[in-house]
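Please read the structure below before turning to the comments.
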Amino acid sequence: MHTHTLLAPAKINLYLEILGDRPDGYHELVMILQSIDLSDQLQIRSNGTDNIRLSCQHPEVPLDQENLAYQAANLMIKSFPKVFANYGGVDIYLDKHIPIAAGLAGGSTDGAAVLVGINLLWELGLTLPELQSLAAQFGSDLPFCIAGGTAIATGRGEQLDPLPDLDNLWVVLAKSKSISVSTPWAYQTYRQQYGQHYLPQNEVRQSRTHQIHSGDLVQAILHKDGPKIAQLMHNDLEKVVLPHYEPVAQLRKTLAAAGGLGTMMSGSGPTVFTLCSSLVEAQQVRDIAQTNLADPDLDFWIARLTSTGIQVTP
Ligand code: C5P
């Protein structure tokens, strides 16, 4: 029986601005999302049963409905019941490399890979936009994870405008093993603390979105200007996560002092990253930060910015 193998890259946020509330309970955002080559690997094949069977060696990865990979398979079953009746259930093996609950869209990218994998396995022939609109049903980051690369994301994060590739840059990522941040908590806390500053009307929000589209950070990305990109990076969620999680604030400070182009928290954290202009610079930043912190609770990774989303490997 044929097995499809997929690579599912993580993402970082080069920019995250919260514009306001939405009637669906989510937030209206403007983000610039960027894929990095720190990836999970998934294998998907038909199992001849009526069930989805998910396996993963990582002890903290849920193997049921809680997992977005499982939810993605379920969505495909619900969306294409006749094809499911023909092909049957799927076995999904997840080889986890992206840290979980880290602000790197690790769960979303696994879900995206399952959609792409089942599209191939069941020979559905769904196009990229069709897969992305299915993906948007159960995760704001999933449509981006399918296509990957560099993109402006608006709405809940599911409306995408691709930007040119930025694969000349590297990142050092750092995360405390013992800290994970709940994304709903981060957004709810932001709403409590900053809700009074939310932009009221759609027109005002749209004009802010246009400002970002034609703004300096997008120009810097078009020119692949690493130092300028680093200088203009921003994440509103830092305002609630850093004061609440002192070790994350400390880690961000130490990483920033270790060199590189600029440092920022990704998504709702707690992962922080430093943008670097080369692999050698990234290794130096990691070594300095590791020596200065000397904390066994910390994990470090080095990754390259990449222009690809979910990739099917031979
Ligand atoms: O879409 P996703 O499941 O990744 O979002 C996780 C949580 O983050 C949501 O339940 C919501 O609390 C918050 N969120 C938000 N506005 C967004 C995206 C996420 O409030 N645009």
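Here, residue 1 is the first one in the sequence, and each next residue gets the next number. Just so you know, ligand 1 is whichever comes first in the structure, and atom 1 is the first atom listed for that ligand.
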Give the ring-plane orientation class for H2 versus H4, where under 30° counts as parallel, over 60° as perpendicular and anything between as tilted. perpendicular

Evaluate the ring planes of W122 and Y87, with Trp represented by its six-membered ring, and classify them as parallel (under 30°), tilted (30 to 60°) or perpendicular (over 60°). parallel

For ligand 1, which atoms have a heavy atom of L29 less than 4.0 angstrom away? 17 (C), 21 (N)

Backbone or side chain, does any N or O of S140 fall under 3.5 Å from an N or O of ligand 1? yes

Is K11 positioned over the aromatic face of F144, cation under 6.0 angstrom from the ring centre and no more than 45 degrees off axis? no

Surrounding NE2 of H213 (heavy atoms of other residues, nucleotides or ligands, distance under 6.0 Å), is the total greater than 12? yes

Do H27 and ligand 1 have an N or O pair less than 3.5 Å apart? yes

Looking only at atom types and distance, does a side-chain atom of N51 sit under 3.5 Å from a main-chain N or O of R53, one as donor and one as acceptor? no

Identify the protein heavy atom lying closest to atom 13 (C) of ligand 1, giving its residue, its atom name and the separation to 0.1 Å. Y187 CD1, 3.3 Å

So, is T183 polar-close to ligand 1, with some N/O to N/O distance under 3.5 Å? no

Any idea which atoms of ligand 1 are less than 4.0 Å away from a heavy-atom of P184? 7 (C), 12 (O)

Distance to 0.1 Å, residue and atom name: give those for the protein heavy atom nearest to atom 17 (C) of ligand 1. Y26 CD2, 3.5 Å

In this structure, CG of L255 is separated from CZ of R286 (nearest 0.5 Å) by 11.5 Å

